[in-house]
2 protein chains.
Amino acid sequence: MAVRGAVPEVIWARPQRTGRGPRPAYTRDDIAAAAVRIADAQGLDAVSMRHVAAELGCGTMSLYNYVPRKEDLYELMVDAVGGEHELWEPSGDWRTDMRRVARQTRELMRRHPWLPRLMSPAYGFSPNALRYLEHCLACLDPLQERYGTKLELIAMLNGMVTAYVRNELDTAERVRALPWSEDEENAVRIAYLGGRLATGAYPRMAAAFTEDAGPIDLEAVFERAVERVIDAFAPRR
Amino acid sequence: MAVRGAVPEVIWARPQRTGRGPRPAYTRDDIAAAAVRIADAQGLDAVSMRHVAAELGCGTMSLYNYVPRKEDLYELMVDAVGGEHELWEPSGDWRTDMRRVARQTRELMRRHPWLPRLMSPAYGFSPNALRYLEHCLACLDPLQERYGTKLELIAMLNGMVTAYVRNELDTAERVRALPWSEDEENAVRIAYLGGRLATGAYPRMAAAFTEDAGPIDLEAVFERAVERVIDAFAPRR
DNA sequence: TGGCTACTACGTACGCTGTACTTAGTGAAG
DNA sequence: CTTCACTAAGTACAGCGTACGTAGTAGCCA
């Protein structure tokens, strides 16, 4: 009988193999990869202990030998895709490097649309998160500021990118469980909005929507936002 | 037998009362208020259809007469607390007004710690969200920019505040279900981090953490971030 | 006024979830 | 060779969202 003590625990501090007993059938990476596969293909809500176990080909409860709580499975997932960050030799121009960081993070989140929802400061110290943070700090070496300010810059850029991508993807992810498409959902919401604006109660909103008749260039909006964050820490003269 | 068609629907377009049949026992506001009470007191995960119904004092399935899906209950909640936004006569100085908007949004989220998790662009057109957006645009009347730019400013400020408060509250909210406290959780994570940094593999991270020995002033960090966003749209010379 | 019918209320039931607990079997250490 | 920490996995339970069916109510029209 294994009494699981009610003691907080960092999954990364837990040894993968203790030496005694049969060799574990899977590694932590196997499990994380299986969960990521499911989340990518079927959405985050499809990531249940039963599904992940089935994907691995083992019994549901066997997973708990590797991962004490489902929460920890999420942490494994976030760290696993964090490993996809490609790190480079800092160019010497921190602005260029920060732009690259932002774009890469955005691409990562578009590859794994469930990632923004799972991002948590509690996962900030996982192995790959540390690797990534250290790399960002290395890119910021040319910036003459305190480390505290550099961390604020990283946090703000990350927060902005996360918020942006979340807004980009949220409806698509939410709508997965629903019996209609994202386009249908949006059409109904836009139609409703049109009705509200037509009442004249929101003159500036109405003006804003007639101003931008054409489709907005999301790419340009993103690039502008990145540039603004960077400028906020070293304004052009 | 009521066949519920699989047609997307905006809850706000659905009439509260159709005239026929018995008068509904509750209003949409009653339901939203009950859900908000539960979320405030016991966390978002305690907001189940059964709990909300019990809080109202009706049968579980009766809720579905008011709210076609649980998703829509969330939308009601977000709109309800959005009504707590206190709107004022624009001061004429948009920077001052934007600071006030940011602080107020932060306070709102601290009153309702589940709000950041529920924020979705899909809820952006609810009655109180429209009211709030129009007010922000009114505050930005003195700013000589296109509406598109103003909306980008609002989105960036909102996104930043949301990300900031989420980081502030996330662990506290996550830890609710767990059998230990936020402080215990943090202590374990910090201890683990210390061990990792001591390996020397992350020299800049280590330097950053020795630099800021004292406790960081979260208030000041928040104010700085707000100022940076504002400056990003109208840099001081 | 009486009936029709749209509506409200709500109990039952199903398939799903996370996970506590239990038992059986394995293999390295003493 | 025994011991025992470990892995693997089944069973069971409480809780979830919600499809469906039924009973009763009240406004409308004949």
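Predicted, not measured: the structure shown is a model, and the values here were computed from it. Scope of the values below: all heavy atoms of this structure, side chains included, with no hydrogens, waters or symmetry mates. Residue numbers begin at 1 in each chain, while the letters A, B, ... track the order of the sequences.
- In this structure, the nucleotide among C/dT8, D/dG27, C/dC21 sitting nearest to the side chain of B/Asn65 is C/dT8.
- Contact annotation: B/Thr60 does not reach the phosphate of C/dC10 (side-chain N/O to OP1 or OP2, under 4.0 Å).
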**Study point:** Worked verdict on B/Arg117 versus B/Asp45 for salt bridge (charged side-chain N to carboxylate O under 4.0 Å, His left out)
**Key:** CA-CA 11 Å; B/Arg117 253 177 70 191; B/Asp45 292 341; 3.3 Å; yes
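- Out of D/dA8, D/dT18, C/dT19, the shortest distance to the side chain of A/Tyr64 is found at C/dT19.
- If you measure from atom CZ of B/Arg23 to atom P of C/dA9, you get 11 Å, rounded to the nearest angstrom.
- Atom CD in A/Gln16 sits about 15 Å away from atom C1' in D/dT7, given to the nearest Å.
- Residue A/Met61 contributes atom CE, which lies 7 Å from atom C1' of C/dA20 at whole-angstrom precision.
- B/Ala53 comes within 4.0 angstrom of nothing in the nucleic acid, heavy atoms only.
- With rounding to whole Å, B/Arg14 atom CZ is found 11 Å from C/dC7 atom P.
- With the nearest nucleotide of DNA chain D identified for both B/Gly21 and A/Ala25, A/Ala25 has the one nearer the 5' end.
- Rounding to the nearest 0.5 Å gives a distance of 14.5 Å between OG1 of B/Thr105 and OH of B/Tyr164.
- When the nucleotides C/dC21, C/dC10, D/dA26 are ranked by their closest atom to the side chain of B/Pro22, D/dA26 comes out on top.
- Dashed line: the shortest gap from a side-chain N or O of B/Tyr66 to OP1 or OP2 of C/dA9 is under 4.0 Å.
- Spacing between atom CZ of A/Arg50 and atom C1' of C/dA20 amounts to 13 Å, rounded to whole angstrom units.
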Check your understanding: Does the side-chain contact (heavy atoms from CB on, under 4.5 Å) test come out yes or no for A/Val78 and A/Ser126, once each step is laid out?
Key -> CA-CA 9 Å; A/Val78 173; A/Ser126 79; 5.9 Å; no
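- Put simply, NZ on B/Lys70 is 14 Å from P on D/dA19, counting in whole angstrom units.
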Exercise for review: I would like to know whether A/Glu185 and A/Trp180 meet side chain to side chain donor-acceptor pair (under 3.5 Å); could you show each step before the answer?
Suggested key: CA-CA 7 Å; A/Glu185 167 98 1; A/Trp180 52 76; 2.8 Å; yes
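- Both B/Val47 and B/Arg20 lie close to DNA chain D; mapped to their nearest nucleotides by heavy-atom distance, the more 5′-ward contact belongs to B/Val47.
- Relative ring orientation between A/His85 and A/Tyr132 is described as parallel, the plane-to-plane angle staying below 30° on a 0-90° scale split at 30° and 60°.
- Distance CE (B/Met49) to P (D/dC20): 16 Å, rounded to an integer number of Å.
- A/Ser62 comes within contact range of at least one nucleobase, with a heavy-atom separation under 4.0 Å.
- A straight line from CD1 of A/Ile38 to P of C/dC16 spans 15 Å, rounded to a whole angstrom.
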